[in-house]
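Have a look at the structure below, then the notes.
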Number of protein chains: 2
Amino acid sequence: MNKKQLIMEKSLELFAQKGFEGVSIQQITDYCGISKGAFYLSFKSKSELIVALIDDFMMQIVDDIDHSVKNSTSNENLLYEFYFTAFHSTEKHSDITKILIKEETHPFNKDLLHKMIYFEELIKNTIIALVEKLYGDELKHMKYDLVYCIRGFIKTYSQFLLFHQIPVDISLLSRSLAEKTSLLARHSSIPFITKDLMEVTKGLIPEEPTKEQLANLLEQKISELENSVQKESLELLSQELLEPSLQRALIKGLIENIRLHPHCKEISYLLRNYFKM
Amino acid sequence: MNKKQLIMEKSLELFAQKGFEGVSIQQITDYCGISKGAFYLSFKSKSELIVALIDDFMMQIVDDIDHSVKNSTSNENLLYEFYFTAFHSTEKHSDITKILIKEETHPFNKDLLHKMIYFEELIKNTIIALVEKLYGDELKHMKYDLVYCIRGFIKTYSQFLLFHQIPVDISLLSRSLAEKTSLLARHSSIPFITKDLMEVTKGLIPEEPTKEQLANLLEQKISELENSVQKESLELLSQELLEPSLQRALIKGLIENIRLHPHCKEISYLLRNYFKM
DNA sequence: TATAATAATGACCAACCAGTCATATGTCAA
DNA sequence: TTGACATATGACTGGTTGGTCATTATTATA
C-alpha cells in the first residue's frame, strides 16, 4: 500500500483514541511497522499529517450531507433524510469525527484551526440550503436561529453516538429530531441567532475556488488515479470545465461517478457547487 | 494570600487559555511568582491541583443552577430563570467552564474523568427536577428526551458564549430557549432518549453522602473559616444535623447564609438536598 | 554485474516535562 | 544570640517528545 495512505489510516485510529497530542510519532510508526525516519519521508511534520487527515476525511462527511440535501426530490422526508445521513456519516467516519470533536475546543495548530472553521462553514452552508429548500422565505427572522439549532442538535447527538458505546437506533433519532426541528420552524418566534451574529462568528470565508484552481485540482487528481471509470469521468469533467459542451444531466452523472471514489469527495463537492447542481 | 488559593486562581486562568496539558508547572509558578518547589508544598501533583480546581469551582455553577430551580416560587418564569441563571453562571465562572468544555472529550486523568461524570450527573438531576416541577407527570415518555434537549441547549449555547468574544444578550437567549423548550415539551411526541438510555450513560452514581460524611465535611469547613455569620450558620447546621430541632424555615435561612461564601457552595448544595429543601 | 538513485533505518539531538531534594532563607521562642 | 522549625528555592533527574541525518538496504538502469 501507499505509505502515505498507510500512515494516514493507522494514525487516524490512534488519534481517535487519544487525541493528537496524546500520540507520538514513535507510536504511529510502531503501529505502522515502519521506522521513524520513514514517517518524515511522507510528511514534513506531525502537523502536516494532521492537516492531511482532516482535509481528506472531513470532506467525506461534508459531501455526504450536502449530497443528501441537494439531491432530495421531495421535501416530505428531507429533514429525516438529512439527519439520518448526518448521523450515518458520522458513524461511518467515527474516527475522524471523534478527532474533530476532541480538537474543536483547542486546536493545537493554526492550520488545523483554519481547517476546522472552514469545515464548520461548509456544514452551516449546507444547513442553510436545507432550511431554504424546506421553508423558503416563510421563516424570515427565524432562519439563522433555526440553522444554529439544527447544527446544535447534530453536534449534541453525534457526541452521544460516538462516546457511548451503545447500539443506537439512528432512524428513531432522526425521526425524533425531524419532528423537533419542524416544531421549532413552525412555532418559535423569538430569534437569538440573527444573520449578523452568524456573520460575526464566521472568522474565515470559504473562498469559492476559481475555474483555474479547480482545473489544477482536477489535473492533479487525474494524475494520481489509476485508469478507471472515475479517471475517465474526471477527464471529461476537466474538458467540460474549460470548454462547456455537455448537457446538465451528463455533468451530473459524471459528478455522481467520481463521488464513488472516497478520495474524490472534495472534488465532487466543489464541482457540484461550481456547476450549481 | 493563601498560597494554595493563589496557585488555584492563577492556574485557572492559564488552564482556561491553553488546556491542562498545554500548561506546565513551571509556567504556573512563574505566573504566580513562586518557585517550582513551593508548588509541591501546596499540591502533591499536577493532577491534585486540577481535581481541586474542578471540585471548588464546579460546585459554584451546580449550586447556582440548582438553587434557581429549587427556590423559584412561580412556574411562570421558571424556564427563563433557569436558562438565565445557567448562562449567567457560566459567564461568571467562564474560566472553569472553558476548562470543563475543553477537557470533557479527553480528560487526561481518571480522577478528573470521575469528577466530570459526577458534575454531569448533578446538572442532569437538577434539570430533571426542573422538568418535573414544570410538567409533573404530563410528559411521561418524553421526559428524559426533554431533559437531554435542555442539557444540549445549554452546552451548545454556553460554547457559543464562551468562545466568541461577542457581547451577547443573555436575557434574549434565555427567552428564546424557554420558548423552544416549552414548544418541545408541549408538542413533541417521538422520544429518542428514554429512561433506560439515560441510565446506561450514567457511568457513576453520585452517592448521596451519609449523615456522618456530611457532619465531617461541616466540621472541616467550620475549622477552615474565620469567625463570621457563615461560620455560626455552619455550627448551627452541624448541631441540627446531629439533633434535629429547628423549623424548616430556620434551616433554609441558615443554608442561604452559607451560600454567600464562595467556598461553601458544595456544602450548601449537599445540605439543601439532605434536608430536602 | 556494476553503478546510480531511491527508500528505509534508528541512534542521536535539543527542548521540554513532572517531580525531587540538598540547600538557603526567614521566623519564631528561649 | 542561639537553635529549632517551617518555608522557599532552583539545579537536577529521568523520561518523553518532535525532528535530523549519517548510514545501510533495496531497487532500477546500464
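Values below: every heavy atom of this structure, side chains too, minus hydrogens, waters and symmetry copies.
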The ring-ring contact (aromatic ring centres under 6.0 Å, His included) partners of A:Phe43 (sequence neighbours excluded) come to A:Phe39
Sequence neighbours excluded, the answer for side-chain hydrogen bond (donor to acceptor under 3.5 Å, both in side chains) partners of A:Ser11 is none
From CZ of A:Phe43 across to P of D:dT20 the rounded distance in Å is 15 Å
Residues at least two apart in sequence or cross-chain that pass side-chain hydrogen bond (donor to acceptor under 3.5 Å, both in side chains) with A:Glu256, listed by chain then number, are A:His67
The complete set of salt bridge (Lys or Arg N to Asp or Glu O under 4.0 Å) pairs with one or both residues in residues 51-68 of chain A, sequence neighbours excluded, reads A:Asp55-A:Lys115, A:Asp63-A:Arg259, A:Asp63-A:Lys265, A:Asp63-A:Arg272, A:Asp64-A:Lys92, A:Asp64-A:Arg259, A:Asp64-A:Lys265, A:Asp66-A:Lys70, A:Asp66-A:Arg272
Sorted by chain and number, sequence neighbours left out, salt bridge (Lys or Arg N to Asp or Glu O under 4.0 Å) with A:Lys211 holds for none
A:Phe15 meets the ring-ring contact (aromatic ring centres under 6.0 Å, His included) criterion, sequence neighbours left out, with A:Phe20
Residues 30-48 of chain A vs salt bridge (Lys or Arg N to Asp or Glu O under 4.0 Å), sequence neighbours excluded, gives A:Lys44-A:Glu48
Students should find that the nucleotides of DNA chain C closing off the region near chain A, any atom under 4.0 angstrom from a heavy atom, are C:dA8 to C:dG10
Sorted by number, residues from residues 18-25 of chain A placing a heavy atom under 4.0 Å from DNA chain D are A:Val23, A:Ser24, A:Ile25
Residues at least two apart in sequence or cross-chain that pass salt bridge (Lys or Arg N to Asp or Glu O under 4.0 Å) with A:Glu120, listed by chain then number, are A:Arg151
By side-chain hydrogen bond (donor to acceptor under 3.5 Å, both in side chains), A:Asp95 pairs with (sequence neighbours left out) none
Reading nucleotides 7-12 of chain D from 5' to 3' and marking B where a protein heavy atom lies under 4.0 Å of the base, S where only the sugar-phosphate is that close, and - otherwise, the string is -BBB--
Next item on the list: Report yes or no: does B:Gln17 contribute a side-chain atom to a donor-acceptor pair with the main-chain N or O of B:Leu14 at less than 3.5 Å?
Entry: no
